[in-house]
Undergrad: 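One structure is given below, represented as C-alpha coordinates, and several questions about it will come after.
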Amino acid sequence: MDQVDKYFALTLRFLAYRPRSVEEVKKNLQKKKVSSEIISIIISRLEEEHFLNDEEFARWWKEQRTKNRPHSDYFIKLELSRKGISKEIVSKIFHESDPTNSSDHDKAISLLNKYKKRFINLSPPERNKKIQGFLMRRGFNFETIKDAIDEVFGKDYNISR
(Lines give C-alpha, C1' and ligand atoms only; values in the text may rest on other atoms or scores of the structure.)
Protein backbone atom coordinates (compact mmCIF):
# COMPACT_ATOMS: atom_id res chain seq x y z
CA MET A 1 0.00 0.00 0.00
CA ASP A 2 1.53 3.30 -1.02
CA GLN A 3 1.49 6.54 1.00
CA VAL A 4 -1.49 8.07 -0.84
CA ASP A 5 -3.70 5.02 -0.25
CA LYS A 6 -2.61 4.75 3.37
CA TYR A 7 -3.44 8.39 4.16
CA PHE A 8 -6.57 8.31 2.03
CA ALA A 9 -7.88 5.43 4.17
CA LEU A 10 -6.97 7.30 7.36
CA THR A 11 -8.78 10.38 6.06
CA LEU A 12 -11.90 8.37 5.25
CA ARG A 13 -11.90 7.17 8.85
CA PHE A 14 -11.54 10.81 9.97
CA LEU A 15 -14.54 11.72 7.79
CA ALA A 16 -16.63 8.86 9.14
CA TYR A 17 -17.35 10.63 12.44
CA ARG A 18 -18.88 13.75 10.93
CA PRO A 19 -18.59 15.88 7.78
CA ARG A 20 -15.43 18.00 7.60
CA SER A 21 -14.24 21.06 5.74
CA VAL A 22 -11.31 20.91 3.35
CA GLU A 23 -9.25 22.93 5.83
CA GLU A 24 -9.98 20.48 8.67
CA VAL A 25 -8.80 17.58 6.51
CA LYS A 26 -5.64 19.48 5.51
CA LYS A 27 -4.81 20.28 9.13
CA ASN A 28 -5.42 16.68 10.17
CA LEU A 29 -3.04 15.41 7.50
CA GLN A 30 -0.44 18.08 8.30
CA LYS A 31 -0.52 16.92 11.93
CA LYS A 32 0.46 13.48 10.65
CA LYS A 33 3.45 15.07 8.81
CA VAL A 34 2.06 14.21 5.37
CA SER A 35 3.74 16.03 2.47
CA SER A 36 1.83 18.83 0.76
CA GLU A 37 1.85 16.91 -2.56
CA ILE A 38 0.12 13.90 -1.00
CA ILE A 39 -2.34 16.20 0.79
CA SER A 40 -3.25 17.83 -2.54
CA ILE A 41 -3.80 14.44 -4.17
CA ILE A 42 -5.96 13.21 -1.29
CA ILE A 43 -8.05 16.42 -1.18
CA SER A 44 -8.63 16.28 -4.95
CA ARG A 45 -9.65 12.63 -4.78
CA LEU A 46 -12.01 13.27 -1.85
CA GLU A 47 -13.64 16.16 -3.72
CA GLU A 48 -13.99 14.09 -6.90
CA GLU A 49 -15.63 11.27 -4.97
CA HIS A 50 -17.93 13.76 -3.17
CA PHE A 51 -16.56 13.11 0.31
CA LEU A 52 -15.52 16.76 0.69
CA ASN A 53 -17.57 19.80 -0.20
CA ASP A 54 -17.20 23.02 1.80
CA GLU A 55 -20.61 24.34 0.78
CA GLU A 56 -22.43 21.17 1.89
CA PHE A 57 -20.35 21.12 5.06
CA ALA A 58 -21.31 24.75 5.83
CA ARG A 59 -25.02 23.97 5.34
CA TRP A 60 -24.72 20.93 7.60
CA TRP A 61 -22.84 22.89 10.28
CA LYS A 62 -25.38 25.72 10.24
CA GLU A 63 -28.25 23.26 10.52
CA GLN A 64 -26.61 21.46 13.48
CA ARG A 65 -25.84 24.71 15.28
CA THR A 66 -29.34 26.03 14.70
CA LYS A 67 -31.38 22.98 15.65
CA ASN A 68 -29.42 20.93 18.17
CA ARG A 69 -27.46 23.53 20.12
CA PRO A 70 -28.78 26.94 19.10
CA HIS A 71 -26.15 29.62 18.64
CA SER A 72 -26.34 33.10 17.16
CA ASP A 73 -25.74 33.58 13.46
CA TYR A 74 -22.61 35.60 14.30
CA PHE A 75 -21.22 32.69 16.33
CA ILE A 76 -21.96 30.17 13.57
CA LYS A 77 -20.30 32.39 10.96
CA LEU A 78 -17.24 32.72 13.20
CA GLU A 79 -17.03 28.94 13.63
CA LEU A 80 -17.30 28.38 9.88
CA SER A 81 -14.57 30.92 9.29
CA ARG A 82 -12.33 29.10 11.78
CA LYS A 83 -12.99 25.87 9.89
CA GLY A 84 -11.65 27.43 6.70
CA ILE A 85 -14.95 28.13 4.95
CA SER A 86 -14.70 31.11 2.59
CA LYS A 87 -16.68 34.29 3.22
CA GLU A 88 -18.49 33.79 -0.09
CA ILE A 89 -19.79 30.36 0.94
CA VAL A 90 -20.77 31.61 4.41
CA SER A 91 -22.60 34.56 2.88
CA LYS A 92 -24.38 32.30 0.39
CA ILE A 93 -25.45 29.84 3.10
CA PHE A 94 -26.87 32.59 5.30
CA HIS A 95 -28.74 34.27 2.44
CA GLU A 96 -30.47 31.12 1.21
CA SER A 97 -34.13 30.97 2.06
CA ASP A 98 -34.82 28.34 4.68
CA PRO A 99 -38.34 28.03 6.11
CA THR A 100 -36.99 26.66 9.41
CA ASN A 101 -34.34 29.36 9.74
CA SER A 102 -35.08 31.45 12.80
CA SER A 103 -33.69 34.78 13.87
CA ASP A 104 -31.26 35.24 16.74
CA HIS A 105 -34.14 36.67 18.75
CA ASP A 106 -36.25 33.53 18.21
CA LYS A 107 -33.29 31.27 19.08
CA ALA A 108 -32.59 33.17 22.31
CA ILE A 109 -36.24 33.00 23.36
CA SER A 110 -36.38 29.30 22.54
CA LEU A 111 -33.26 28.67 24.66
CA LEU A 112 -34.61 30.68 27.59
CA ASN A 113 -37.94 28.86 27.48
CA LYS A 114 -36.17 25.52 27.35
CA TYR A 115 -33.88 26.30 30.31
CA LYS A 116 -36.21 28.62 32.24
CA LYS A 117 -36.34 26.26 35.22
CA ARG A 118 -32.59 26.72 35.76
CA PHE A 119 -33.02 30.41 36.41
CA ILE A 120 -36.46 30.75 38.00
CA ASN A 121 -35.43 30.30 41.67
CA LEU A 122 -32.45 32.63 41.59
CA SER A 123 -32.45 36.21 42.86
CA PRO A 124 -32.96 38.76 40.06
CA PRO A 125 -29.33 40.00 39.98
CA GLU A 126 -27.93 36.46 40.00
CA ARG A 127 -30.53 35.30 37.45
CA ASN A 128 -29.69 38.14 35.09
CA LYS A 129 -25.97 37.48 35.38
CA LYS A 130 -26.41 33.76 34.69
CA ILE A 131 -28.82 34.28 31.78
CA GLN A 132 -26.55 36.91 30.27
CA GLY A 133 -23.51 34.60 30.52
CA PHE A 134 -25.46 31.61 29.20
CA LEU A 135 -26.64 33.46 26.09
CA MET A 136 -23.38 35.36 25.54
CA ARG A 137 -21.44 32.08 25.45
CA ARG A 138 -23.70 31.12 22.56
CA GLY A 139 -22.84 34.30 20.71
CA PHE A 140 -25.93 36.44 21.30
CA ASN A 141 -25.47 40.21 21.60
CA PHE A 142 -26.64 42.29 24.54
CA GLU A 143 -29.74 43.70 22.82
CA THR A 144 -30.96 40.26 21.78
CA ILE A 145 -30.38 38.97 25.32
CA LYS A 146 -32.22 41.92 26.86
CA ASP A 147 -35.19 41.51 24.49
CA ALA A 148 -35.35 37.75 25.12
CA ILE A 149 -35.33 38.22 28.91
CA ASP A 150 -38.05 40.87 28.62
CA GLU A 151 -40.18 38.53 26.55
CA VAL A 152 -39.64 35.34 28.59
CA PHE A 153 -39.44 36.70 32.15
CA GLY A 154 -41.20 40.04 31.77
CA LYS A 155 -39.95 43.59 32.05
CA ASP A 156 -39.35 43.25 35.82
CA TYR A 157 -36.32 41.08 35.07
CA ASN A 158 -34.80 43.68 32.80
CA ILE A 159 -31.01 43.78 32.91
CA SER A 160 -28.80 46.80 32.75
CA ARG A 161 -25.28 47.21 31.52
Undergrad: Kindly work out whether a path of hydrophobic side-chain contacts (I/L/V/M/F/W/Y, heavy atoms less than 4.5 Å apart) joins I76 to L78.
TA: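 Per the 4.5 Å side-chain linkage, I76 and L78 are not co-clustered.
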
Undergrad: Counting only N and O atoms by type, is there a donor-acceptor contact under 3.5 Å from the side chain of R45 to the main-chain atoms of I41?
TA: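 It does not hold such a pair.
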
Undergrad: Counting distance only, does the side-chain N/O of D54 pair as donor-acceptor with the main-chain N or O of V22 below 3.5 Å?
TA: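 Confirmed, D54 side chain pairs with V22 backbone.
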
Undergrad: Tell me, please, which residues at least two apart from E37 pass side chain to side chain contact (heavy atoms under 4.5 Å, CB included).
TA: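 Testing E37 for side chain to side chain contact (heavy atoms under 4.5 Å, CB included), a comparison that skips the adjacent residues, returns S35.
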
Undergrad: Go through the structure and list residues passing ring pair (Phe, Tyr, Trp, His ring centres under 6.0 Å) with F140, not counting sequence neighbours.
TA: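 Checked F140 against ring pair (Phe, Tyr, Trp, His ring centres under 6.0 Å); zero matches.
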
Undergrad: Could you check if a side-chain atom of F94 sits within less than 4.5 angstrom of a side-chain atom of D73, using non-hydrogen atoms only?
TA: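 Sidechains of D73 and F94: in contact.
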
Undergrad: Quick one: are L135 and L112 in side-chain contact, heavy atoms under 4.5 Å?
TA: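 Answer yes - side chains close enough.
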
Undergrad: Quick one: ring pair (Phe, Tyr, Trp, His ring centres under 6.0 Å) partners of Y7, sequence neighbours excluded?
TA: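 Ring pair (Phe, Tyr, Trp, His ring centres under 6.0 Å) check on Y7 returns nothing, list empty.
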
Undergrad: Test of understanding: with side chain to side chain contact (heavy atoms under 4.5 Å, CB included), list the residues that count as partners of E63, not counting sequence neighbours.
TA: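 Listed in chain order: K67.
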
Undergrad: Partners of E24 by side chain to side chain contact (heavy atoms under 4.5 Å, CB included), sequence neighbours excluded?
TA: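 Per chain and number, E24 pairs via side chain to side chain contact (heavy atoms under 4.5 Å, CB included) with R18, R20, S21, F57, K83.
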
Undergrad: Taking the side chain from T66 and the backbone from K62, do they hold a donor-acceptor pair closer than 3.5 Å?
TA: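 Judged by distance alone, yes, a pair lies under 3.5 Å.
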
Undergrad: Does any part of the side chain of E49, heavy atoms only, come nearer than 4.5 Å to the side chain of F8, both counted from C-beta?
TA: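 Yes, close enough: below the 4.5 Å cut-off.
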
Undergrad: Would a hydrophobic clustering, with Ile, Leu, Val, Met, Phe, Trp and Tyr connected at side-chain separations under 4.5 Å, put Y74 with M136?
TA: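 Looking at the clustering, M136 is in a separate group from Y74.
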
Undergrad: With side-chain hydrogen bond (donor to acceptor under 3.5 Å, both in side chains) as the rule and sequence neighbours excluded, what pairs involving residues 108-125 come up?
TA: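 Pairs touching residues 108-125 that pass the test: none.
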
Undergrad: Report the distance from atom CD1 of I42 to atom CG of N28, rounding to the nearest 0.5 Å.
TA: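 Separation between the atoms: 10.0 Å.
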
Undergrad: When rounded to the nearest 0.5 angstrom, what is the spacing between OG1 in T11 and CG in L29?
TA: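 So the gap between those two atoms works out to 4.0 Å.
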
Undergrad: Give the cluster check for L10 versus I43: same hydrophobic cluster or not, with ILVMFWY residues linked at side-chain heavy-atom distances below 4.5 Å.
TA: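 Yes, L10 connects to I43 through the hydrophobic network.
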
Undergrad: Verify side-chain hydrogen bond (donor to acceptor under 3.5 Å, both in side chains) between H105 and E151, making sure each step is shown before the conclusion.
TA: CA-CA 10 Å; H105 178 78; E151 192 165 324; 3.0 Å; yes

Undergrad: Quick one: does any side-chain atom of R138 pair with a main-chain N or O of S72 as donor and acceptor, under 3.5 Å?
TA: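 A pair under 3.5 Å: no.
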
Undergrad: What closest approach, in Å, do L80 and A58 show between heavy atoms, and which atom pair accounts for it?
TA: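 Minimum heavy-atom separation between L80 and A58: CD2-CA, 3.8 Å.
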
Undergrad: Report yes if the side chains of V152 and F119 come closer than 4.5 Å at any heavy-atom pair, otherwise no.
TA: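 V152 does not reach F119 side chain to side chain.
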
Undergrad: Looking at CH2 of W60 and CZ of R65, how far apart are the two atoms once the value is rounded to the nearest 0.5 Å?
TA: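 Taking CH2 in W60 and CZ in R65, the distance rounds to 9.0 Å.
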
Undergrad: Quick check: does any side chain N or O of S81 sit under 3.5 Å from a backbone N or O of K77, one acting as donor and the other as acceptor?
TA: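 Side chain of S81 to backbone of K77, a donor-acceptor pair under 3.5 Å: no, none is there.
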
Undergrad: Which atoms form the tightest heavy-atom contact between L111 and P70, and what is the distance?
TA: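 So the two residues come closest at CD1-O, 3.7 Å.
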
Undergrad: Same cluster or not: F142 versus F75, using hydrophobic residues (I, L, V, M, F, W, Y) connected whenever any side-chain heavy atoms lie under 4.5 Å apart?
TA: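 No, because F142 and F75 fall into different hydrophobic clusters, even though each may have its own neighbours under 4.5 Å.
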
Undergrad: Quick one: does I149's side chain get under 4.5 Å of Q132's, heavy atoms only?
TA: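 Sidechains of Q132 and I149: no contact.
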
Undergrad: Which value, rounded to the nearest 0.5 Å, describes the distance between S86 atom OG and E55 atom CD?
TA: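 S86 OG to E55 CD: 8.5 Å, rounded to 0.5 Å.
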
Undergrad: Tell me, do L15 and L52 make a side-chain contact under 4.5 Å, heavy atoms counted?
TA: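 In contact.
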
Undergrad: Is there a side-chain contact between K92 and E88 (heavy atoms, below 4.5 Å)?
TA: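 No, side chains not in contact.
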
Undergrad: Same hydrophobic cluster for I85 and L46, using side-chain heavy-atom links shorter than 4.5 Å among ILVMFWY?
TA: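 Per the 4.5 Å side-chain linkage, I85 and L46 are not co-clustered.
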
